[in-house]
Amino acid sequence: MIPVTQPFLPPQEEYEKYIDGIWKRNWLTNMGPLASQLEMELKDHLKLNHVLFVTNGTVAIQMAIKALGISGEVITTPFSFIATTSSIVWEGCTPVFVDIDAESLCIDPKKIEEAITEKTSAILATHVYGNPCDVEAIDIIAKKHNLKVIYDAAHAFGVEINGRSVFEYGDISTCSLHATKLYHSIEGGLLITKDPELLKKLAYIRNFGIAGFDSFSELGLNGKNSEFHAAMGLVNLKYISQIHEKRKALAELYNEKLKNLRSIRPLWHSKANNNHSYYPVVLESEELLLKLKNEMDKQEIFTRRYFYPSLASALPYLPKLELPITEDIAKRVLCLPFYYDLTFEEVEYIARLMLRIQNND
Ligand SMILES: *Cc1c(COP(=O)(O)O)cnc(C)c1O
């Protein structure tokens, strides 16, 4: 059996060392020393001024919307994980879907402007598979129309544009440190902003809006994360370059072995590195996708239709809208098994099998 993903696990002893400290201190959560240490180490690693470590990537998006005072309509992408859209609705705003670019698979900035109305207050875009959106174009549109920008950068850990973290873009960027992401703290999320006032506000929101022993600064929630999660984040950070290197090598092998697969790959941002979060292939047709997926399922090699279906046409709580490029790509995109412990032999086996299925017309 080969799963589509598998969490990275460090040597158990290394995690246990941190756990010993937690037992000695008896400080389990509420921004303990490990959570603070993780924030420090992540900010250094990512060359940022500050990061906030929160419960998960979904709460991070909800906190970002709340902290920016966003209301009314939010222009967003239908080609993302459900949390991008559900967070907008959860915060009482209305998602306005705009089609994606057929090559990058990120929101198409050319289509954003026509979707702006007097009710629009923000753009929430996803760096799909870690591939940065056209951040410059989005920035120009946002400034012109006085809109806030949030990037769902859940897939983009370790991605840089011109040598600067992609997390620096937008008013706020969010990341997910969920177990299935390339770098994780079991459950976890990050919030990044360059605005010190906004950062302070987000820190208060994370802690119920408590501003002192007997005062509250604003409406808050519980967005804190625990020492146990921080410990996993700290241990995993020691392995991050190994993780990046292994995934790069696996992706290169897939690229080479799947040259003859009737498919394309997302066109990557020309000034950004690829963090190899996923290995998506956009197949020539849905028919080919289904043939591959069904045969591989039988052999217990699991792939995932990610993202499928389009968020604009599949949610019971929203009106249905069919955006042609998203509908088309969502039907044809398949993520192949891709994780740290996947072996090169397995990649070769998967690639051989896929070509055999494809060519067996
Ligand atoms: C994983 C993911 C999220 C949600 O993150 P969680 O930490 O699981 O809450 C949000 N957006 C995208 C694009 C994701 O892939």
Side-chain angles (χ1 to χ4, degrees), residues 4-8 35 38 42 51-66 74 76-91 93 95 97-98 100 104-107 122-133 135 149-159 166-167 169-170 172-192 202 206 221-226 228-230 232-233 236 247 266 275-280 304-312 314-315 326 329-330 333-335 338-339:
V4 65
T5 189
Q6 191 169 282
F8 174 82
L38 180 63
L42 283 173
V51 304
L52 288 178
F53 178 48
V54 299
T55 321
N56 57 59
T58 306
V59 158
I61 302 170
Q62 292 165 2
M63 289 171 66
I65 295 171
K66 189 73 83 192
V74 177
T76 191
T77 175
F79 192 67
S80 185
F81 181 60
I82 179 64
T84 317
T85 302
S86 67
S87 299
I88 296 172
V89 179
W90 198 262
E91 290 303 318
C93 301
F97 293 108
V98 158
I100 56 172
S104 72
L105 312 186
C106 292
I107 196 166
I123 300 166
L124 171 46
T126 300
H127 301 309
V128 177
Y129 309 125
N131 185 21
C133 297
V135 287
V149 179
I150 299 170
Y151 285 112
D152 180 348
H155 297 175
F157 190 92
V159 174
V166 72
F167 294 160
Y169 291 87
I172 298 178
S173 278
T174 65
C175 188
S176 166
L177 306 187
H178 183 257
T180 55
K181 305 302 204 258
L182 94 118
Y183 166 72
H184 77 90
S185 62
I186 311 172
E187 291 274 1
L190 299 176
L191 279 158
I192 299 97
L202 286 164
R206 175 174 64 178
L221 48 61
N222 181 357
K224 295 176 276 96
N225 210 330
S226 83
F228 293 85
H229 293 84
M232 185 61 84
N236 286 348
R247 298 178 81 103
N275 66 347
H276 305 291
S277 283
Y278 297 90
Y279 194 86
R304 183 171 174 204
R305 302 187 75 177
Y306 189 71
F307 307 109
Y308 174 86
S310 156
L311 296 172
L315 301 181
T326 302
I329 297 289
V333 70
L334 192 65
C335 284
F338 201 63
Y339 48 90

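Whatever order the structure lists them in is the order used to number ligands and atoms, beginning at 1.
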Who are the ring pair (Phe, Tyr, Trp, His ring centres under 6.0 Å) partners of [X], not counting sequence neighbours?
X	value
Y169	none
F8	Y239, Y340
F307	F79, Y129, H155

Donor-acceptor pair between N236 and H184 side chains, under 3.5 angstrom: yes
Any donor-acceptor N or O pair under 3.5 Å, side chains H178, T180: yes
Atom pair CG/CD1 of L124 and I65 - distance to nearest 0.5 Å: 5.5 Å
Amino acids in close contact with ligand 1, where any non-hydrogen atom sits under 4.0 angstrom away: N56, G57, T58, S80, F81, A83, T84, T126, D152, A154, H155, S176, H178, K181, G188, Y306
